[in-house]
Amino acid sequence: MSVEIRRAGERFQTSSEWLDSRHSFSFGPHYDPANIGFGFLVAHNDDTVAPGTGFDTHPHQDLEIVTWVLRGALAHRDSEGHTGVVHPGLAQRMSAGSGIRHSEWNDGDEPAHYVQMWVRPEQFDLTPSYQQSTVDLSSGELVPIASGLPKHASSTAISINQRSAGMSVARLGPRQAVDLPAAPYVHLFVAQGTVNLEGAGDLGTADAVRLTGVDGPRAAAGADGAELLVWEMY
């Protein structure tokens with residue numbers, strides 16, 4: 001069993017006039033052979049894109065790309081004809097499959113802040129696809145957002161091509177608590193707020209914890225509440 005805390009300020013950073021991107025794992029020019037992923041996660045980027053800017057059309061292949069917006073909105077367009085505007089409370093998934101090209105653009109007048117996560121797929125060379133769906137987080141529980149796990153088949157907002165991985169989100173009120181999944185690999189990211197995690201202590205916004213073989217620890221939000229992104233992987 002292991003509990004590895006990764007603080008917000010320890011992440012790789014890519015910055016420019018229009019982009020501030022913080023990488024949990026090796027990404028682009030940032031390479032650490034000891035930090036190339038966790039479980040099926042190969043990218044976990046915390047991005048802020050300035051208004052009127054964004055990522056021009058670029059390719060992907062054989063990745064499950066999940067986007068969760070925290071503030072603002074992000075416009076998606078791809079070579080398969082899919083379009084969508086992703087905003088807080090709406091989950092998005094693009095399966096790159098055999099190959100797809102897409103752009104992500106902030107057409108609004110405020111920064112777009114979002115977390116984008118890349119997962120290794122179970123099958124390769126599939127037909128590219130796209131899915132988005134609104135999500136209700138009012139329960140204060142972990143809500144399946146993007147999952148291929150059989151146990152989430154009837155409850156997840158969007159599906160991914162990986163039957164051994166799933167992401168849930170919990171929006172917790174002040175002092176509210178939730179139990180994390182008991183899975184071989186669990187990745188917790190504090191998207192907003194503060195939380196106290198059993199066995200790890202206090203965590204702040206953009207801190208992350210990598211849990212291996214830990215039996216469902218309890219996470220309790222601080223005085224201002226918290227939003228948690230939780231991957232469970234088998």
Side-chain angles (χ1 to χ4, degrees), residues 2-4 6 11-12 14 21-47 55 58-69 74 76 78-80 82 86 91-104 114-133 142-153 155-169 180-189 191 208-214 228-234:
S2 68
V3 178
E4 182 181 356
R6 296 282 181 138
R11 295 173 298 170
F12 298 119
T14 299
S21 184
R22 311 295 176 104
H23 316 294
S24 294
F25 308 116
S26 294
F27 193 86
H30 307 288
Y31 180 68
D32 176 358
N35 186 28
I36 58 173
F38 180 72
F40 292 100
L41 276 172
V42 295
H44 196 288
N45 297 335
D46 182 2
D47 294 343
F55 294 94
H58 58 282
H60 290 287
Q61 185 174 354
D62 288 327
L63 283 171
E64 298 295 295
I65 300 175
V66 176
T67 302
W68 183 254
V69 174
L74 198 65
H76 166 94
D78 67 44
S79 55
E80 295 292 308
H82 307 121
V86 193
Q92 182 211 60
R93 180 268 298 160
M94 184 180 75
S95 295
S98 59
I100 195 169
R101 296 176 61 83
H102 79 137
S103 64
E104 296 164 301
Y114 62 97
V115 180
Q116 187 170 93
M117 299 146 281
W118 298 2
V119 175
R120 293 197 306 271
E122 183 169 339
Q123 295 176 285
F124 297 96
D125 205 35
L126 297 177
T127 300
S129 62
Y130 177 87
Q131 187 181 9
Q132 66 178 46
S133 180
L142 280 171
V143 177
I145 299 297
S147 182
L149 295 172
K151 70 176 183 177
H152 291 158
S155 60
T156 191
I158 54 178
S159 60
I160 61 172
N161 171 32
Q162 178 49 263
R163 287 184 296 177
S164 297
M167 186 194 80
S168 298
V169 174
L180 301 189
Y185 299 93
V186 173
H187 186 275
L188 166 67
F189 182 75
V209 183
R210 304 175 191 185
L211 304 165
T212 305
V214 177
L228 309 181
L229 277 57
V230 180
W231 281 93
E232 56 182 297
M233 296 167 281
Y234 298 82

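Contact detail for L149 and S164: the closest heavy-atom pair is CD2-C, 3.5 Å. The two residues Y234 and P184 make their nearest non-hydrogen contact at CD2-CD, 3.3 Å. Of all the heavy atoms in L142 and P144, the pair that sits closest is O-CD, 3.8 Å. In terms of heavy-atom proximity, P181 sits nearest to V230 at CD-CG1, 3.7 Å. In terms of heavy-atom proximity, V214 sits nearest to S2 at CG2-O, 3.5 Å. Between I160 and A165, the shortest heavy-atom distance links the atoms CD1-O, 3.7 Å.
With sequence neighbours left out, Q92 forms a side-chain hydrogen bond (donor to acceptor under 3.5 Å, both in side chains) with T67, Y130. Remark: E122 engages R163 in a salt bridge (Lys or Arg N to Asp or Glu O under 4.0 Å) (not counting sequence neighbours).
Between the side chains of S21 and D47, at least one donor N or O lies within less than 3.5 Å of an accepting N or O.
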Going through the checks in order, is the side chain to side chain donor-acceptor pair (under 3.5 Å) test met by S129 and R93?
CA-CA 8 Å; S129 62; R93 180 268 298 160; 2.8 Å; yes
Please lay out, stage by stage, how H23 and H44 fare under the test side chain to side chain donor-acceptor pair (under 3.5 Å).
CA-CA 6 Å; H23 316 294; H44 196 288; over 6 Å; no
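Of the inter-residue distances, the one linking L229 atom CG with L188 atom CG reads 8.5 Å to the nearest 0.5 angstrom. The CZ atom of R101 sits 11.5 Å away from atom CG of D78, with the distance rounded to the nearest 0.5 Å. The CG atom of L180 sits 7.5 Å away from atom CG of L228, with the distance rounded to the nearest 0.5 Å. To the nearest 0.5 Å, the span separating CE on M94 from CD1 on I158 amounts to 12.0 Å. Going from atom CD of Q131 over to atom NE2 of H82 covers 10.5 Å, rounded to the nearest 0.5 Å.
A donor-acceptor pair under 3.5 Å is absent between the side-chain atoms of S103 and the main chain of F55, judged by distance alone. No side-chain donor-acceptor contact under 3.5 Å links S95 to the backbone of G97. Side chain of E64 to backbone of N161: a donor-acceptor contact under 3.5 angstrom is found. In this structure a side-chain-to-backbone donor-acceptor pair under 3.5 Å is present from H58 to H102. Q162 places a side-chain N or O within donor-acceptor distance of the main-chain N or O of R120, the cut-off being under 3.5 Å. The main-chain N or O of D125 is found under 3.5 Å from a side-chain atom of D62 such that the two form a donor-acceptor pair.
Inter-residue side-chain proximity for H187 and M117 is flagged as unmet; no heavy-atom pair is nearer than 4.5 Å. Side-chain contact check for L63 versus V42: some heavy-atom pair is nearer than 4.5 Å. Looking at heavy atoms from C-beta onward, V143 lies out of side-chain contact with V169 at the 4.5 angstrom threshold.
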Cut-off 3.5 Å, no hydrogens considered: what does the side-chain donor-acceptor table look like for residues 33-41, sequence neighbours left out?
residue	atom	partner	partner atom	Å
N35	OD1	R210	NH1	2.9
N35	OD1	R210	NH2	3.0
N35	ND2	S24	O	3.0

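Aromatic rings from F189 and W68 are positioned such that their centres are separated by 6.0 Å or more.
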